[in-house]
Structure formats: C-alpha cells, structure tokens
Undergrad: 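Quick one: the structure is below, questions incoming.
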Amino acid sequence: MAKKIQAVKGTREFYPQQMALRNYIYEKVRAAAQAFGYQEWDAPFIETIDLYAAKSGEELVKQQSFTFQDRGGDFVTLRPELTPSLARMIAAKQGELTFPLRWWSFGPFWRYEQPQKGRSREFFQWNIDMLGADTPEADAELIAVGATFLRSVGLSPERALIYVNDRRLMDSQFDALQIPAEKRLDVSNLIDRRAKMESAKWDAYALELGLSQTQLDGLKSMLGDFDLWQKSPELTRLFSALEALGAREYVKFDPNIVRGLLYYTGTVFEAFDVSGSLKRAIFGGGRYDNLLADVGGQPLPAVGFAMGDVVIGIILQEANLLPDFTPSPAQILVTVFDESLRTQSLVLSAELRAAGLRVMVSPELSKLQKQFKFADKMKMKIALVLGPDEAEKGTVVVKNLESGEQVQVAREALVEFLKP
RNA sequence: GCGGAUAUAGCUCAAUGGCAGAGCGCUUGACUGUGGCUCAAGAUGUUGUGGGUUCGAGCCCCAUUAUCCGCCCCA
C-alpha cells in the first residue's frame with residue numbers, strides 16, 4: 001500500500017464543484033469591475049523578499065510569508081499581497097499611464113498562518129484600485145463597486161453591509177481628546193479589538209495603555225456616536241455620492257472601523273455579513289495616498305480594497321446562494337448500443353459538436369441502463385439512442401431526461417431539433 | 001507562537017472494557033432497447049500511527065502525527 005501523501009497544509013483542492021464556485025466569484029468580480037470601467041491586470045506570483053520588506057507590515061513579511069531560496073541563491077517569496085507589485089509596476093510606467101487609473105486583479109496569494117474558518121494559507125483575492133484621484137467621489141466609486149458585487153451575488157443590505165469611517169475624522173477626534181500621536185496606533189488597535197473583548201476587560205486594557213478616565217469616557221462616547229460623520233466634510237460628500245450612485249443602502253458609518261494597516265490615510269471601509277456566523281470581513285480597504293511615494297514612486301493618491309475568496313464562499317454557502325452546479329458541461333449523451341454501432345455513435349457525436357453542441361459519448365460498451373444512469377448522475381439533459389432499428393430507418397431516438405419523454409427524429413433533422 | 005477539541009467503511013457518524021454497526025453512496029437483480037422512485041440481495045474496516053495497562057482495548061493511560069475550532073494578525 002502506497003503511503004498517503006497529503007496536500008500541503010492550508011492549500012486548497014478545487015474539485016469541480018469548488019472550481020465552479022471559484023469561477024462564479026471570478027465572473028461576478030469581473031462583471032462588477034468592468035461595469036465601472038476597471039481594467040484587468042496581474043503581477044508575478046513570486047517576488048523578491050525585498051519588495052515586501054520596504055513596505056508591508058513586519059508580521060506579514062517575517063512570519064506570514066512563504067519565503068525560500070531559489071536555485072540561484074536569491075530569496076524569493078510567494079506574494080502575500082498585491083499592493084507592492086502594483087506600486088512598482090505603476091512607478092515603472094508612471095509617465096505613460098492614463099490617470100486616473102482603474103485596475104483590478106483576481107489571483108492567488110499565500111500567507112503562512114494557522115488555517116481556520118475563513119482563513120487558509122493559499123487563497124484567491126480580488127484587488128481593485130483607483131490611482132490618481134483624491135476625491136470622496138473616487139472613494140464612493142470603489143464602495144459602489146463593492147456594493148454592486150454584493151448585490152450581484154444575491155447578498156442584500158439586510159444580509160451584508162459596508163461599514164465606513166475616515167482616519168482624518170478619527171485624528172480630529174483624537175486631537176479633541178488630547179490623545180498624543182505616539183499613542184494613536186495603540187488606541188486604533190484597541191478600537192479594532194473592542195467587539196471581540198468584554199467591556200470591563202476592554203476598559204481596563206485602555207487604562208493600561210495610559211488613557212485617563214476622561215479620555216476613555218470621551219473615546220467610548222465617540223465610538224457610540226453614529227452621527228459623527230456629519231462633522232466630516234469628506235464623509236458628507238462620500239455619502240451624498242453613494243446616494244447618487246445608488247449604493248447608499250449598503251453603507252453605514254461606524255466609528256469602530258479603523259483597520260489595522262498603517263498606510264491608510266483617509267476613508268476606510270469593511271464589508272461584513274450581518275446575520276451569519278462568520279465575524280470576518282468580506283472585503284476591506286480604504287484610501288492610501290502616501291504609499292506609492294513611500295515605495296519610491298511619484299506621489300499618487302489611491303483608493304482600493306481587497307476581497308478574499310474564502311470568506312465570501314462560506315457566506316454564500318451559509319446564505320444558500322451558491323449557484324446551481326451542473327456536473328457535466330455536456331448536455332447531450334450519445335449512447336453506444338453495441339460494437340457494430342459504436343462507430344456510428346462516434347460519427348453522430350462529431351456531427352453534433354460541429355454544430356456547436358456539447359456532447360459526450362460512452363467510451364466503453366455497457367448496458368444502456370448503465371449509460372442512462374451515468375447521464376442522470378451527470379445531470380445531462382438529453383440522451384440519444386442509436387440502435388439497430390434507428391440505424392435502419394435513418395433516425396435517432398431523442399430522450400429528454402428531465403421529462404422522460406422520447407421521440408424519434410430523422411438523422412438530417414437532428415441538429416435543428418437539438419439546437420436550443 | 002498560545003489554547004481547546006477530534007481521528008472508526010468511499011462520505012456523515014454510532015458502538016457500558018466483552019461478536020465493529022447504521023444512514024447515504026457503491027455493485028447486482030426485479031426490468032435481455034432506457035436513468036430518477038420503490039423493493040430485494042451483496043461487497044467494503046490494520047478503529048490515524050507507536051507503545052502501555054488488562055484474561056480481554058475502538059473505548060483506559062502515555063507518546064506521536066494529522067485535521068478542525070479559537071486567540072494573534074489579516075482578505
């Protein structure tokens with residue numbers, strides 16, 4: 001008995017049914033992006049470690065990347081994210097690109113972390129960005145693309161929402177509370193963790209960080225103020241643009257959304273499943289105006305978001321929104337009656353394919369019963385029988401497997417009969 | 001890196017320390033030119049791996065590996 005070799009931990013095996021879901025997501029992502037005029041692009045799956053060292057978070061590079069030495073001795077990494085590659089590619093052609101740039105991509109990424117629900121080591125991610133525009137209307141457009149996607153897969157605003165905040169607004173609030181600049185990162189992380197912690201513990205943790213009781217009270221009242229956005233000119237414009245774009249119903253202001261990544265400079269947003277069991281973001285993003293300059297390009301304002309395929313896949317399944325799966329792409333099975341008629345069945349199948357139909361033929365001699373059973377399991381629509389009687393009369397039996405009805409059709413009229 | 005569970009037929013799972021089972025799936029037949037539904041019969045196991053306790057271990061103990069779930073981080 002051969003030793004069973006398992007798939008590498010955290011990788012994904014796409015059996016046809018899972019592959020169909022992956023392609024379904026890809027298709028909906030493409031439709032949403034293209035509806036707003038975004039161009040598809042991609043970058044290498046392998047990059048040198050240096051590309052990420054410049055910009056990505058310490059943990060992402062040092063602990064969560066698949067990094068190894070290639071045969072030439074260079075350290076390379078399976079890409080854990082796309083933005084550094086985007087920055088490089090844009091910097092290289094900055095003079096010849098037409099701005100604002102609207103680009104999207106869907107491809108594989110790898111992060112070395114503990115697999116759990118909604119998180120694997122290998123995943124597909126949709127990245128979509130607009131570069132070269134710095135208006136709230138640009139931010140609104142990206143959020144509207146996200147809303148368009150949610151709507152297209154059947155997730156209504158009752159089921160999924162996009163929560164929005166603005167780093168600039170938060171900074172002005174931190175100013176008012178006199179929270180010093182060096183503590184703001186900790187405070188942001190604190191806010192990020194609030195939903196996951198008991199409130200007493202959270203309070204204690206806040207005081208531990210060095211917040212005064214007054215600051216803590218101020219912070220809590222700020223985080224409970226869902227009308228705070230009205231104090232932000234950017235968010236006010238953002239919401240009115242979302243209204244105009246028909247995406248307002250999907251979007252809610254939430255001061256608790258801060259996002260962990262350092263590079264966001266303005267609007268930040270995250271989409272969540274409102275009623276499901278999974279408390280992970282469907283997608284998340286925001287404005288990052290300094291990033292391209294930071295990695296050595298010309299300053300370029302940018303806004304974008306990313307969506308992994310794992311979480312959205314689980315949510316679609318839980319919401320019973322998976323597309324119907326048809327095992328076989330072929331709708332027609334040509335049965336093989338016996339040895340003497342095998343060639344005729346093959347010829348028949350070729351004729352039908354030449355007419356643009358998708359057709360399978362049994363590759364071996366077996367009972368018609370078995371062939372029909374196969375067609376049924378593969379959820380095929382039609383089975384053709386070419387037996388001695390039909391061969392003699394120049395006809396073919398066409399059986400509709402859904403209704404169970406069957407008719408004899410003349411061979412010459414068959415293509416016309418079968419065409420949808 | 002830390003913590004909690006689980007591992008038995010192809011799948012989902014049962015089985016007081018005492019004969020390893022069910023449902024689904026699979027094969028065959030009822031139906032020698034036709035699937036689904038029904039009925040009947042049948043096949044399928046190194047109980048993750050290695051030790052230990054016991055007259056006797058799927059069950060108890062130790063180790064190990066794998067998987068799942070949570071924390072951290074994040075799509």
Side-chain angles (χ1 to χ4, degrees), chain A residues 1 3-11 15 25 29 56-65 79-83 105-128 146 149 189 192-193 196-197 201 258-262 264 269-273 277-286 304-315 333-338 341 362 366-391 396-408:
Chain A
M1 179 79 84
K3 194 184 163 200
K4 197 154 92 184
I5 296 175
Q6 291 186 312
V8 172
K9 188 188 185 83
T11 55
Y15 287 85
I25 292 170
V29 156
S56 301
E58 183 112 325
E59 175 154 359
L60 187 61
V61 181
K62 290 202 170 147
Q63 275 145 53
Q64 296 195 342
S65 65
R79 61 182 189 183
E81 60 166 334
L82 192 61
T83 310
S105 180
F106 184 83
F109 293 84
W110 293 266
R111 289 187 192 174
Y112 194 89
E113 60 183 336
Q114 286 312 312
Q116 52 193 286
K117 194 172 185 186
R119 286 291 177 268
S120 57
R121 288 183 175 179
E122 180 176 60
F123 55 95
F124 282 75
Q125 188 171 274
W126 176 29
N127 286 268
I128 180 162
F149 170 80
N189 286 333
D192 211 23
R193 226 170 288 169
K196 285 183 176 173
M197 285 173 82
K201 257 187 179 169
V258 291
R259 297 190 54 72
L261 292 175
L262 299 174
Y264 291 113
F269 54 92
E270 285 180 343
F272 282 94
D273 178 6
S277 64
L278 201 53
K279 296 290 168 236
R280 289 185 187 280
I282 299 172
F283 58 75
F305 69 84
M307 178 184 83
D309 69 319
V310 182
V311 170
I312 187 69
I314 292 171
I315 288 168
L333 177 74
V334 179
T335 60
V336 175
F337 192 85
D338 61 23
L341 288 160
S362 297
S366 58
K367 288 184 180 177
L368 277 186
Q369 188 182 32
K370 205 171 169 188
Q371 297 185 42
F372 269 81
K373 200 160 189 153
F374 176 81
D376 186 53
K377 290 212 160 175
M378 297 303 274
K379 291 208 165 67
M380 298 172 75
K381 303 274 188 288
I382 288 165
L384 302 185
V385 181
L386 183 51
D389 299 349
E390 290 80 16
V396 174
V397 166
V398 178
K399 178 157 182 176
N400 182 324
L401 293 172
E402 284 167 333
S403 66
E405 289 164 13
Q406 65 179 46
V407 288
Q408 286 221 16

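Numbers restart at 1 for each chain; the letters A, B, ... are given by sequence-line order, proteins then strands.
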Undergrad: From the set B:C72, B:U34, B:G36, return the single nucleotide nearest to any side-chain atom of A:Asp376.
TA: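 Within the option list, the nearest is B:G36.
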Undergrad: Do A:Phe109 and the base of B:A75 stack face to face, with centres under 5.5 Å apart and an angle between planes under 30°?
TA: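 Answer is no, no stack.
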Undergrad: Using the P atoms only, state how far B:A9 lies from B:G48, rounded to an integer number of Å.
TA: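 So the two P atoms sit 8 Å from each other.
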Undergrad: What is the separation between atom CG on A:Leu278 and atom P on B:C69, rounded to the nearest whole Å?
TA: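 Interatomic distance, CG of A:Leu278 to P of B:C69: 10 Å.
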Undergrad: Would you kindly give the CD-to-C1' distance between A:Glu270 and B:C74, to the nearest whole Å?
TA: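 Computing the A:Glu270:CD to B:C74:C1' distance gives 10 Å.
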Undergrad: Distance check: side-chain N/O of A:Gln64 vs OP1/OP2 of B:C73, anything under 4.0 Å?
TA: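 Result: no.
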Undergrad: Determine whether the side chains of A:Arg280 and A:Gln116 contain a donor N or O and an acceptor N or O closer than 3.5 Å.
TA: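 Yes.
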Undergrad: Less than 4.0 angstrom between a side-chain N/O of A:Arg259 and OP1 or OP2 of B:A75, yes or no?
TA: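 True: A:Arg259 side-chain N/O within range (under 4.0 Å) of B:A75 OP1/OP2.
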Undergrad: Out of B:G33, B:C71, B:G35, which has the shortest distance to the side chain of A:Asp389?
TA: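 Nearest to the side-chain atoms of A:Asp389, counting from C-beta on, is B:G33.
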Undergrad: Using side-chain heavy atoms (C-beta onward) and a distance below 4.5 Å, is A:Phe283 in contact with A:Ile312?
TA: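 Counting from C-beta outward, A:Phe283 and A:Ile312 never come under 4.5 Å.
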Undergrad: Provide, to the nearest angstrom, the distance between the CD atom belonging to A:Glu122 and the C1' atom belonging to B:A75.
TA: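 Computing the A:Glu122:CD to B:A75:C1' distance gives 14 Å.
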Undergrad: Nearest to the side chain of A:Lys117, heavy atoms from C-beta on, is which of B:A75, B:G35, B:G70?
TA: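 Nucleotide nearest to A:Lys117's side chain: B:G70.
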Undergrad: Roughly how many Å apart are B:A22 and B:A15, using the C1' atom of each and rounding to a whole number?
TA: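 Approximately 10 Å lies between the C1' atom of B:A15 and that of B:A22.
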Undergrad: Just N and O in the side chain of A:Gln369: are any of them under 4.0 Å from OP1 or OP2 of B:G35?
TA: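 Affirmative; the distance criterion is met.
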Undergrad: Distance check, C1' atoms only: B:U12 and B:U6, in whole angstrom units.
TA: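 The answer is 14 Å between these two C1' atoms.
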Undergrad: Among B:G33, B:C69, B:G35, which nucleotide sits nearest the side chain of A:Leu401?
TA: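 For the A:Leu401 side chain, the nearest candidate turns out to be B:G35.
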Undergrad: Of all the choices, B:A75, B:G35, B:U67, which nucleotide is nearest to the side chain of A:Phe372 once you look at every atom?
TA: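 My answer, after comparing the listed nucleotides, is B:G35.
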Undergrad: For B:C73 and A:Arg193 - does any side-chain N or O of the residue sit under 4.0 Å from the phosphate oxygens OP1/OP2?
TA: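 So the side chain of A:Arg193 is within the cut-off, an N or O lying under 4.0 Å from OP1 or OP2 of B:C73.
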Undergrad: Calculate the interatomic distance between A:Lys373 atom NZ and B:A30 atom P; express it in whole Å.
TA: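 After rounding, the gap between these two atoms is 13 Å.
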Undergrad: May I ask you to evaluate whether A:Lys279 reaches the phosphate of B:C74, defined as a side-chain N or O under 4.0 Å from OP1 or OP2?
TA: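 False: A:Lys279 side-chain N/O out of range (4.0 Å or more) of B:C74 OP1/OP2.
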Undergrad: P atom, B:G58 versus B:U8: distance in rounded Å?
TA: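 It works out to 15 Å between them.
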Undergrad: Using the P atom as the reference point in each nucleotide, state the distance between B:A63 and B:G3 in Å, no decimals.
TA: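 Nearest-Å result for B:A63 against B:G3 at atom P: 14 Å.
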Undergrad: Please compare A:Lys367 and A:Glu405 by the position of their nearest nucleotide in RNA chain B and report the one closer to 5'.
TA: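 Looking at RNA chain B, the more 5' nearest nucleotide goes with A:Lys367.
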Undergrad: Between B:C31 and B:U47, how many Å separate the two P atoms, rounded to a whole number?
TA: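 These two P atoms come out 42 Å apart once rounded.
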Undergrad: Looking only at heavy atoms, what is the nearest atom pair of A:Ser120 and A:Val310, with distance?
TA: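 For A:Ser120 and A:Val310, the tightest heavy-atom pair comes out as OG-CG2, 3.7 Å.
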